[in-house]
J.: 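Attaching a single structure in structure tokens format; questions to follow.
If you're wondering where the values come from, they're calculated on a predicted model, not measured in any experiment. Order of the sequence lines fixes the chain letters, A, B, ..., with proteins taken first and strands second; residue numbering starts at 1 for each chain.
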There are 2 protein chains.
Amino acid sequence: MLAAARDAFAERGFDGASIRLIATAAGVDPALVHHYFGSKDKLFVAAVEAPADPADLLPEVLAGGPDELGANVVRMLLRVWDGPARAGGLALVRSAVSNEWTARLLREFLTAQVLRRVVGTLDLPPAEAEARGALVASQLVGVVMTRYVLRIEPLASAPPEELVAAIGPTVQRYLTGPVELPGIGPATA
Amino acid sequence: MLAAARDAFAERGFDGASIRLIATAAGVDPALVHHYFGSKDKLFVAAVEAPADPADLLPEVLAGGPDELGANVVRMLLRVWDGPARAGGLALVRSAVSNEWTARLLREFLTAQVLRRVVGTLDLPPAEAEARGALVASQLVGVVMTRYVLRIEPLASAPPEELVAAIGPTVQRYLTGPVELPGIGPATA
């Protein structure tokens, strides 16, 4: 089932792959997939072997309201990556960089499971949500690469709160601030 | 010579590796290394097989003065990566993500050849220059990953100038704006 799910999500994207389709490809009943995984979201998180389920972390990220979203997203990213999930996260990044199939899975994971959940709370038109989400991704993925892969100092050893203070405002601007959005143009909060 | 240079730069960093040391490791005369490569910078660029030499691109990045540095850095990054150098750049990133040795080389390349040259024009105390440079790296590496590796839309297909407008201000803030610097604290322009 997980292999069929990976193929379907990579080929059709998260939205284009249905549990019915995945069940058919795996030669099982859709009810069995529902029974094991509960939802398409959970199946996807299992299929990409994500080291953490964004759905579980979301309430804490949203707790401070829209004005603290930027800082809280960076804070949560660092908490997950500074913890035991880092090895799994690095394996996923490694695989995504060397393999187009895994790159698509990681892209779908980021967009459908991480960014959409966060940006989705801001009640924006779809195109604006997508553009703001992609800008957020450009900063968050960069933090992961700089701190955990390339280990560029002082980012690599900085206490998390120092990075929240430095980078949180960038993510906040991308989420709710004035920004020239790719494909859309100037947007204000 | 290039293999000896790669080993030395990865092990000791750009500053710690001398042409004399690399020549000795390669079993040749230092004068020969100078003859072939001209400088330690050029030797390094050749050793990491960088698809472009930052020294050649620098004048254009600096031409607009400090206030346009953020936009010009993003513009140059996109021009290089949207061009024929992309394949070589992707190979370097791929290798760096899967191999600690290459990760060190890429880190040294970014810090000593790219960031130091750009941030070095701002006449900052060394620790502040390092911190601002690392923040810039976190955004630039993220753009490369999001646009060229993960291909997250609308960033993947956006015209370069739209990304310059969206992301340039972030890089500008990291370079010259008010920012809480890791290891240092609040800094203004």
J.: Atom CZ of residue position A:R94 - does it have more than 12 heavy atoms of other residues, nucleotides or ligands inside 6.0 Å?
T.: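 Atom CZ in A:R94 is crowded, with more than 12 foreign heavy atoms closer than 6.0 Å.
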J.: Report the option among B:P182, B:A103, B:G183 that has the most heavy-atom pairs separated by less than 4.5 Å from atoms of chain A.
T.: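 Max contact count across the listed options: B:P182.
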J.: Heavy atom to heavy atom, less than 4.5 Å: which residues from residues 29-66 of chain B reach chain A?
T.: none
J.: Between atom CZ of B:F14 and atom CG of B:L110, what is the distance when rounded to the nearest 0.5 Å?
T.: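 Answer for the CZ-CG pair, B:F14 versus B:L110, is 13.5 Å.
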J.: Please flag which part of A:S98 lies under 4.5 Å from any non-hydrogen atom of chain B: side chain, backbone, both or neither.
T.: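 Interface part for A:S98: both.
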J.: Closest approach of B:L124 and B:L175, non-hydrogen atoms and distance?
T.: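 Looking at all heavy atoms of both residues, the closest pair is CD1-O, 4.4 Å.
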J.: How long is the gap from CZ on A:R12 to CD1 on A:I22, to the nearest 0.5 Å?
T.: 9.5 Å
J.: When you measure from the side chain of A:S95 to the backbone of A:A91, do you find a donor-acceptor pair of N or O atoms at a distance under 3.5 Å?
T.: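 Side chain of A:S95 to backbone of A:A91, a donor-acceptor pair under 3.5 Å: no, none is there.
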J.: Write out, in numerical order, the residues from residues 113-122 of chain B with a heavy atom short of 4.5 Å from a heavy atom in chain A.
T.: none
J.: Would you please go through residues 141-172 of chain A and name the residues with a non-hydrogen atom below 4.5 Å from one of chain B, in numerical order?
T.: A:V141, A:G142, A:V143, A:M145, A:T146, A:V149, A:L150, A:R151, A:I152, A:E153, A:P154, A:L155, A:A158, A:E162, A:L163, A:A165, A:A166, A:I167, A:P169, A:T170
J.: Ignoring hydrogens and angles, tell me if any N or O in the side chain of A:R6 forms a donor-acceptor pair with the backbone of A:W101 under 3.5 Å.
T.: no
J.: Check the pair B:R173 / B:L135 against side chain to side chain contact (heavy atoms under 4.5 Å, CB included), numbers first and verdict last.
T.: CA-CA 10 Å; B:R173 181 172 77 88; B:L135 290 171; over 6 Å; no
J.: Determine which residues belonging to residues 73-90 of chain A lie within contact range of chain B, meaning some heavy atom pair is under 4.5 Å apart, and list them by number or answer 'none'.
T.: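 Not one residue of residues 73-90 of chain A has a heavy atom under 4.5 Å from chain B.
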J.: So does A:E108 pair up with A:R104, basic N to acidic O under 4.0 Å?
T.: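 A salt bridge is absent here (no side-chain N lies under 4.0 Å from a carboxylate O).
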